[in-house]
Student: 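My questions all concern the structure below.
Note that the coordinates shown come from a computational prediction; the quantities given were computed from them, not determined experimentally. The chains referred to below are lettered A, B, ... by the order of the sequence lines, with proteins before strands, and numbering in each begins at 1.
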Protein chains: 4
Amino acid sequence: MNDTPSSATEKSAATRRTQILEAAAVVFAEKGYQRATMKEIAGRAGIAPGTIYLYFGNKREILSAIVNETETPIVAALLEMGGLGDRDAMVEMIEKGLDITEAQLPFNRTLFSEVWVDDSILEESIAERIKQIHQLLEKYIAACIAAGVFRLVDPALVAQMVMGMFGSLIVQAIRGIAPLPSPEKRRALAEAMVDLLLDGIRAR
Amino acid sequence: MNDTPSSATEKSAATRRTQILEAAAVVFAEKGYQRATMKEIAGRAGIAPGTIYLYFGNKREILSAIVNETETPIVAALLEMGGLGDRDAMVEMIEKGLDITEAQLPFNRTLFSEVWVDDSILEESIAERIKQIHQLLEKYIAACIAAGVFRLVDPALVAQMVMGMFGSLIVQAIRGIAPLPSPEKRRALAEAMVDLLLDGIRAR
Amino acid sequence: MNDTPSSATEKSAATRRTQILEAAAVVFAEKGYQRATMKEIAGRAGIAPGTIYLYFGNKREILSAIVNETETPIVAALLEMGGLGDRDAMVEMIEKGLDITEAQLPFNRTLFSEVWVDDSILEESIAERIKQIHQLLEKYIAACIAAGVFRLVDPALVAQMVMGMFGSLIVQAIRGIAPLPSPEKRRALAEAMVDLLLDGIRAR
Amino acid sequence: MNDTPSSATEKSAATRRTQILEAAAVVFAEKGYQRATMKEIAGRAGIAPGTIYLYFGNKREILSAIVNETETPIVAALLEMGGLGDRDAMVEMIEKGLDITEAQLPFNRTLFSEVWVDDSILEESIAERIKQIHQLLEKYIAACIAAGVFRLVDPALVAQMVMGMFGSLIVQAIRGIAPLPSPEKRRALAEAMVDLLLDGIRAR
DNA sequence: AATGAATGAGATTTCATTCAT
DNA sequence: CATGAATGAAATCTCATTCAT
């Protein structure tokens, strides 16, 4: 029988593509899009530079692929969220968001490095997703208000605030300033966040 | 052998430095650090590329200078904040923050484009400032709790949330997705943010 | 482990070679030698790139083969030409030359694109043929002079002029500036050319 | 006073441009456009590769510049030609054409190597010139016919034949197969060509 | 014999940096 | 001090050729 696939040769086309995307995501995350070189991406993927061009037309296309082909499970999670204004549902939602965030760290780091200055990618993909999340949140909040569970606030503003809260966590983690809390502590964090959001900070 | 200052070209060393920094900040903001060329910076500053090297050792040094020499009036503003848990003081603080944010948009955009992937600059300067702001906020919140104006929350968490809320506004403005609200509307926004923070969203 | 010839893929070695040469001639004609890629040649031939190397050592060898293995029916035609100084024979010859020229357009275009700068191929093959044609023409003209049908002119010069006349037609057709005249008009053109050559343009 | 400019530094912008064009013309003529490398052009011009890009946007632009900025004194010569059907005028014209041809050999060789497969350049510039020459010749011939000096021939056909005659000389010289005749012999050649054209080859 | 994915040398082009003026 | 032409290292991308299957 054959020996275990040890070299780059033994990969299907789909696998090779993924292999390149994964290597690129890592390098982009480390160096940023501009500083990342095709040579380094190839090296990290264990293939020759030219090989990349069998799967992607150019460097930019790799970035697009990363952006477009990476799933956003956060959206799926939001869609499934039930229980209007239910504290437990919200806590679980936030906790799930933290888990997803951790899984997507390299992806997010890539985004922030280059997409930031590339309007075409931003407009096409990222903005779209952010808007989607924003709208889902807004709708949920509006529904809670209609149901009398939340008081009369501006749903758009609250949605943005919630995303900002999340963003601050992501940014820190991406930048390595502070790691995301360990899985065990995430429930506590999620509860604190939800309580803050629900009841504010004013003493009563 | 000529000596009489004949044109507006005559500048003191300090002025010339500033002139370069301002031009660079604009170009960095538009193109990102990597895509910005020394030629364009020089062009925008109205001088020759070679001249830049009389004032800065290399391109990176210009970025460092921008980061390090740009003031952060937000810190000063925080230090002056009085009135523990006073709604009006908080509203005014937030409003002032929005004004400062607008004034610093190009600077912030520069940061996000490159500093993001440059640990040396980040660690040295940016993180320092962010921590400073964070600590000031945290201290203020802790004081409010001690004074019995805020209920017993985690000051660090609240500080981070507040910064995240702000961040979400800044990010949108930097990216041009949505402009900052006009000065007239800022007070209303600030009030909504403060009320949200103080009382939460739960109906009562 | 399959073996039964199942498709039209089965070709004898000679046929496969020809198949490649034909595909290459077309691609060379369209793109020029340098711009033509092995992949495109393979694609046009309906085979894989690697297969080409079973029949040719490298790209250049394909070009050589095209040049060397393509017949020059013009030479055969010249050899058969009879009737010293006979207008009809000359007209028919020229007409035949036009037909052959049309049939060889892709081949000629290939030559002009690359052989032009490749002395080895030029010297080996092309120059040889041109000289051959030149000499046949020269000999014919000399014979006509000896027979008293042509006046005393320099046979070499006339041969070159005749080839130049032809060349001007070929070049235009190759370059697509003006198509070769339609078969019906070719006789008229051939007659005009022959009359021009025989009697010149001076009014008498 | 200063020593004679020995290095590449001592050139005005216009001279540097010309210097690059001349080097490129030589390399293009030797290798053809595709095979010519920027590195070699730079080497031949005695400058660094990057310097070329201070004067030309890309490789193709160099070719265009050669094509467009090279004069065609042949047109000027044709315009000045007097004496309808006058043998001496025609002889002188042809002789001048041979001189010009020699002076433009590298330029012409460049054209043939690449322009051949580049329709954009061909259409824009070359075809234009060829047509111009063709029309001037045609007009001249038509005038001679009208004046009764030439018999009733197709002016377009004769123009094309004349250009073909010339072309055959040029091609040989460009390819190095046979040099152009020495200046002393050019008058004899020109006379032979004119006589051939005027009186044909038929014995009388 | 045939395949076609992989290779990697080499080409074009960019741009931070230098230095003679 | 200031200039800006020149540099040349380095990046992206192409494609003839190889070779395991």
Student: Could you please name the partner base of E/dG8, counting Watson-Crick and G-U wobble pairs only when both distances are under 3.5 Å?
Tutor: F/dC15

Student: Rounding to an integer number of Å, can you tell me how far B/E40 CD sits from E/dT14 P?
Tutor: 15 Å

Student: Just how far, in rounded Å, is P of E/dA11 from NZ of D/K31?
Tutor: 10 Å

Student: Roughly how many Å is it from CG in C/N58 to P in F/dT18, rounded to a whole number?
Tutor: 9 Å

Student: Does D/E69 come within less than 4.0 Å of D/R17, counting only side-chain N to carboxylate O?
Tutor: yes

Student: 5'-most contact on DNA chain E: D/G57 or A/G50, nearest heavy atom basis?
Tutor: A/G50

Student: Check for a donor-acceptor pair, side chain of D/K59 on one end and backbone N or O of D/Y33 on the other, with a separation under 3.5 Å.
Tutor: yes

Student: Between A/L54 and D/T51, which residue's closest nucleotide on DNA chain F lies nearer the 5′ terminus?
Tutor: D/T51

Student: Is there side-chain contact between C/L54 and C/T51, with at least one heavy-atom pair below 4.5 Å?
Tutor: yes

Student: May I ask you to evaluate whether D/Y55 reaches the phosphate of F/dA6, defined as a side-chain N or O under 4.0 Å from OP1 or OP2?
Tutor: yes

Student: When you check the phosphate oxygens OP1 and OP2 of E/dA11, does a side-chain N or O of D/R35 lie under 4.0 Å from one of them?
Tutor: no

Student: Looking at D/K59, does any N or O in its side chain come under 4.0 Å of the phosphate oxygens OP1/OP2 on E/dT12?
Tutor: yes

Student: Measure from CZ on A/R17 to C1' on E/dA5 and round the result to the nearest Å.
Tutor: 16 Å

Student: Using a strict cut-off of less than 4.0 Å between a Lys/Arg side-chain nitrogen and an Asp/Glu carboxylate oxygen, indicate whether B/K31 and B/E40 qualify as a salt bridge.
Tutor: yes

Student: Using atom CD1 of D/I41 as one end and atom P of E/dA11 as the other, report the distance to the nearest whole Å.
Tutor: 12 Å

Student: Remember a base hit wins even if backbone is also touched, and classify A/I52 as base, sugar-phosphate or nothing at under 4.0 Å, heavy atoms.
Tutor: nothing

Student: Hey, which of these two, A/P49 or B/M38, hits DNA chain E nearer its 5' end, going by closest nucleotide?
Tutor: A/P49

Student: Partner lookup for E/dT21, please. Criteria are Watson-Crick or G-U wobble with both distances under 3.5 angstrom; report none if nothing qualifies.
Tutor: F/dA2

Student: Could you check whether any side-chain N or O of D/Q34 sits under 3.5 Å from a backbone N or O of C/Q34, counting only pairs where one atom can act as donor and the other as acceptor?
Tutor: no

Student: Map D/A48 and A/T37 onto DNA chain F by nearest heavy atom, then report which one ends up closer to the 5' terminus.
Tutor: D/A48

Student: For the pair made of NZ in C/K39 and P in E/dT7, what is the distance, rounded to whole Å?
Tutor: 16 Å

Student: With a non-hydrogen cut-off below 4.0 angstrom, is D/A42 in contact with a base, only sugar-phosphate, or nothing?
Tutor: nothing

Student: Just the rounded figure in Å: distance from P of E/dT18 to CD1 of D/I47.
Tutor: 21 Å

Student: Send over the distance from B/Q34 CD to E/dC15 P, rounded to a whole Å.
Tutor: 10 Å

Student: Of all the nucleotides listed (E/dT14, F/dT17, E/dT3), which has the minimum atom distance to the side chain of D/Y53?
Tutor: E/dT14

